[in-house]
Amino acid sequence: MGFIKEQQVKLALRLLAWRYEKAGQPLPDPTVLQRHARELVDDAHRIARERGGNVLSILKEMVADVRRR
């Protein structure tokens, strides 16, 4: 995985942890959280390719939606 994508995964991890804490929910197992962050980044890249747009803004929107699920 490239440097930029790895940084995006780290950002997604921080955003997910923040969302869980803000919602008052316990954090899932670190491996589960890591997998979820990688999936979010992969999905954000796919959406950016299909529709255009900024991966970071798409990622933030996707993390915001996690809490609603």
Side-chain angles (χ1 to χ4, degrees):
M1 182 177 300
F3 174 77
I4 293 176
K5 196 165 187 179
E6 191 62 39
Q7 294 302 310
Q8 291 169 341
V9 170
K10 288 179 183 180
L11 175 65
L13 280 169
R14 289 193 303 265
L15 288 171
L16 284 170
W18 175 75
R19 275 295 185 182
Y20 277 108
E21 289 174 13
K22 187 176 176 185
Q25 297 175 337
L27 286 174
D29 184 54
T31 56
V32 172
L33 197 61
Q34 177 80 16
R35 187 183 70 228
H36 193 158
R38 286 186 187 279
E39 289 172 358
L40 284 173
V41 169
D42 289 342
D43 288 345
H45 276 268
R46 182 186 48 79
I47 291 169
R49 271 193 311 272
E50 291 173 0
R51 302 181 195 164
N54 185 326
V55 172
L56 183 57
S57 62
I58 293 169
L59 187 60
K60 286 180 181 178
E61 290 175 20
M62 293 172 72
V63 169
D65 289 341
V66 166
R67 195 180 108 197
R68 296 184 196 128
R69 290 185 204 174

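Counting from 1, the numbers follow the sequence of the chain as shown. Just so we're clear, the structure is a prediction, and the values are computed from it rather than from any experiment.
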- Query: Which residues satisfy the salt bridge (Lys or Arg N to Asp or Glu O under 4.0 Å) test with R46, sequence neighbours excluded?
  - Reply: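 Partners of R46 under the salt bridge (Lys or Arg N to Asp or Glu O under 4.0 Å) test: E50.
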
- salt bridge (Lys or Arg N to Asp or Glu O under 4.0 Å) involving E39 - partner list, sequence neighbours excluded: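 Salt bridge (Lys or Arg N to Asp or Glu O under 4.0 Å) check on E39 returns R35.
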
Pairing residues for [X] by the side-chain contact (heavy atoms from CB on, under 4.5 Å) criterion, not counting sequence neighbours:
X: Q7; answer: F3, K10
X: L15; answer: L11, K60, V63
X: A44; answer: V55, I58, L59, M62

Minimum-distance pair of heavy atoms, taken over all atoms of [X] and [Y]:
X: A48; Y: G53; answer: CB-O, 3.9 Å
X: P28; Y: V32; answer: CB-CG1, 4.2 Å
X: E21; Y: L27; answer: OE2-CD1, 4.3 Å

- Task: Please identify each residue that fulfils side chain to side chain donor-acceptor pair (under 3.5 Å) with D29, with sequence neighbours left out.
- Result: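 T31.
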
- Joint cluster assignment, W18 & L40, ILVMFWY side-chain distance < 4.5 Å: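 In one cluster: no.
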
- Item | Distance in Å, R19 CZ paired with Q25 CD, rounded so as to fall on 0.5 Å steps |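 Answer rounded to 0.5 Å: 11.0 Å.
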
- How long is the span from the NE2 atom in H36 to the CG atom in L16, to the nearest 0.5 Å?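 So the gap between those two atoms works out to 5.5 Å.
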
- Message: Is the shortest side-chain heavy-atom distance between Q8 and L56 below 4.5 Å?
- Response: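 A side-chain contact is absent here, since even the closest heavy-atom pair is not under 4.5 Å.
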
